[in-house]
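Step one of this worksheet: look at the structure below.
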Amino acid sequence: MGDRTVNRLTSRTPALAALLVLAGAFPILRAQQAAPDLLLSNGKIITVDERFSIAQAVAIRGDRIVAVGTNQDLARLAGPNTKRIDLRGKSVIPGLIDNHMHLLRAGQTWLKELRFDGVESRKKAIELIQARAKAQGPGEWVFNIGGWAHQQFADDPKPFTREELDQIAPNNPVALQESYYQVFLNSRALKAFEIEPGKPDPMDFVKGSIMRDAAGKPTGIIKGDIAATRPVAARLPKVAPNQLEASSQALVADMNRAGLTSFGVAGCNADVLEIFQKWKTQGHLNVRTYCIGGAAASTPEQADRSIQQIAEMKLFQGDDYIDNVFFGESVYQPLHDPMFALKSSPRADQLEQWRRMAMALAKAGLPMHVHAELTDTIDAFLDQIEAVNKEHSIKNLRWTLAHVNQINAGQLERMKKLGMYAAVHPWAVINGGIMHEGFGDGAYDMPALATIQASGIMWGFGTDATAANQYLPFTTLAFAVTGKMPGGMKVIKQTISREDALLAHTRKNAFLVFHEDDLGAIQPGKLADLVVLDRDYLTIPADQIKDIKPTMTMVGGRVVYDSAAQTSIASR
Ligand SMILES: [Zn+2]
């Protein structure tokens with residue numbers, strides 16, 4: 001056979017592949033390639049590809065998917081050394097991606113925190129406090145740093161009191177931080193912080209944030225948004241340096257157990273990142289970490305310095321496991337909306353600094369992912385970005401507004417024209433009750449999910465966990481489909497289809513972390529990140545979506561979580 005014949009055959013292959021796709025078949029591994037290492041079959045593979053195809057089997061070689069199709073077709077590819085997993089009819093989805101989580105920070109406390117993510121019963125929460133107090137022993141802290149709100153307790157949705165926590169855990173200091181809204185302390189915790197009747201408040205607490213009764217006795221409540229809760233969190237014990245690796249490992253294991261495999265990480269803390277780097281070298285880093293970082297400025301002088309740093313900043317020097325992909329999440333600190341602010345009024349002089357920073361980013365060709373929550377802030381940022389775009393085009397830089405709880409149709413239209421994206425972090429998943437107290441009926445459209453979906457803009461889900469929000473992806477998906485927060489309270493009106501919700505947690509998020517060629521769908525050529533579910537996401541009643549549990553999670557073809565093989569992690 002002459003060279004020309006070979007060339008002709010080669011050139012025909014793409015056309016043949018296109019025909020197979022049109023005929024409803026899946027692209028199949030070419031026969032001359034090596035047999036797959038692993039074959040998953042007898043499943044309902046929800047591929048989340050461009051046609052939302054459903055397949056039966058997936059073949060994996062090395063860390064990539066090499067074929068997706070029917071049991072019969074893929075069985076032919078198997079060789080003598082191909083390992084097989086029988087899915088027994090279970091559904092499989094791509095590894096879930098959270099486009100914005102403060103993941104690495106959580107490693108510093110995870111092993112010590114008593115998490116309430118997904119706990120929908122107050123009775124159960126109390127049992128967890130009692131069990132933790134007993135396990136820790138007298139005098140040891142029992143605490144969490146956000147990720148829950150009392151409105152999620154279906155049986156008895158009410159706050160904790162000092163007296164109640166004294167009864168539940170009489171021998172332990174207790175601090176339960178409800179999102180970033182308030183913290184509930186018992187008497188031992190108040191004593192540890194030297195918050196006492198007749199004594200002035202400790203210097204590091206925000207003025208007026210320590211609630212006291214008419215007689216001046218502290219009630220145990222510290223309240224007043226992030227600024228008020230932060231001093232409490234700062235005083236709580238972090239894990240010891242020699243425990244940091246174990247704590248980070250427990251964190252990653254919990255993420256894999258929840259079906260999460262990749263993250264946009266707001267602020268990649270150096271100490272935990274170093275551990276991730278080590279695991280990567282050793283071949284057992286079980287989450288993909290795409291950092292959102294860079295030096296935000298708080299003053300015009302700092303902006304001068306930041307602008308110099310931006311000119312030198314290099315992103316995309318990493319790999320599939322760890323990389324820096326965005327400048328963010330803050331650009332100019334005075335314009336960073338507090339979480340529970342009801343309204344913003346961005347000042348012209350501050351916006352000028354914000355624009356200088358944004359201009360430097362555009363000039364350097366850097367992607368930006370910026371915290372933007374309230375409607376006036378979003379409008380003001382878009383004004384600046386439109387001005388920047390006239391001088392340095394931001395097209396293809398994937399500039400992303402993050403959180404966007406109050407985004408509206410007009411703003412989405414402006415963003416679309418600019419080639420921008422929306423990282424949607426529905427704080428209402430746990431904060432919906434609190435937001436209804438502040439915003440009234442306006443909270444029903446925070447976020448306006450159907451409006452965002454209908455706009456046609458590229459958007460994806462994140463949580464902003466682990467303090468501002470809970471981290472469980474099926475809780476987010478259930479919220480998107482039903483409008484209900486854990487515990488069943490209906491908090492938003494605009495819901496979306498399960499398919500659109502899943503897309504926003506997978507394929508679209510792959511784009512929002514710059515890895516659309518590698519992640520977000522179960523397709524030949526993509527990395528083998530996938531999750532086997534205990535029930536079918538597409539067909540179970542909507543109210544059960546929140547209860548879906550992964551039975552197996554895979555990252556790069558490696559099983560990183562297997563419910564059947566859980567001993568060490570589950571016993572924690
Ligand atoms: Zn933020």
Side-chain angles (χ1 to χ4, degrees), residues 97-106 145-147 149 177-181 224-230 233 263-269 289-298 306 324-344 346 350 354 357-358 361 367-382 384-385 398-407 411 415 420-432 434-435 438-439 446-447 452 459-471 476 504 509 512-513:
I97 305 169
D98 186 316
N99 69 40
H100 182 121
M101 194 191 284
H102 297 264
L103 179 76
L104 273 56
R105 183 183 68 192
I145 304 176
Q177 180 178 321
E178 190 183 45
S179 178
Y180 277 119
Y181 192 62
D225 216 312
I226 296 183
T229 60
R230 191 169 280 150
F263 299 84
V265 178
C268 274
N269 302 59
T289 301
Y290 306 120
C291 301
I292 301 163
S298 297
S306 292
N324 293 303
V325 297
F326 277 111
F327 183 96
E329 70 162 291
S330 202
V331 169
Y332 194 63
Q333 205 66 42
L335 293 172
H336 191 96
D337 290 336
M339 186 164 174
F340 295 101
L342 296 179
K343 206 175 157 27
S344 64
Q350 294 170 343
W354 196 96
M357 294 279 292
L361 289 166
M368 172 172 77
H369 175 114
V370 63
H371 175 110
E373 172 196 351
L374 297 165
T375 195
D376 291 340
T377 304
I378 294 172
D379 271 328
F381 286 0
L382 290 175
Q384 310 315 310
I385 294 170
R398 304 194 191 185
W399 280 18
T400 303
L401 297 187
H403 310 328
V404 297
N405 288 292
Q406 280 195 342
I407 203 162
Q411 292 164 341
M415 288 168 68
M420 291 182 67
Y421 306 111
V424 179
H425 311 141
W427 291 341
V429 172
I430 61 162
N431 299 286
I434 298 168
M435 288 159 78
F439 293 99
M446 292 174 61
I452 295 168
W459 72 278
F461 273 131
T463 56
D464 201 16
T466 55
N469 205 350
Q470 65 85 43
Y471 71 87
T476 305
N509 264 351
L512 265 67
V513 295

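Computed from a prediction, not measured in an experiment: that's the story for all the values here. All ligand and atom numbering here is 1-based and tracks the order in the structure.
With sequence neighbours excluded, the residues that form a ring pair (Phe, Tyr, Trp, His ring centres under 6.0 Å) with His102 are His100. A search for ring pair (Phe, Tyr, Trp, His ring centres under 6.0 Å) contacts involving Phe263 returns nothing, not counting sequence neighbours. Residues satisfying the side chain to side chain contact (heavy atoms under 4.5 Å, CB included) criterion with Ala372, sequence neighbours excluded, are Ile378, Phe381, Leu401.
The number of protein N/O/S atoms found under 2.8 Å from the Zn ion (ligand 1) is 3.
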- Item | Audit row: Asn405, Trp427, side chain to side chain donor-acceptor pair (under 3.5 Å) steps and yes/no | CA-CA 8 Å; Asn405 288 292; Trp427 291 341; 5.7 Å; no
- Task: Apply side chain to side chain donor-acceptor pair (under 3.5 Å) to Ser344 and Asp376, showing your working.
- Result: CA-CA 6 Å; Ser344 64; Asp376 291 340; 4.8 Å; no
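Classified by interplanar angle (parallel below 30°, tilted 30° to 60°, perpendicular above 60°), the ring pair His371/His403 is perpendicular.
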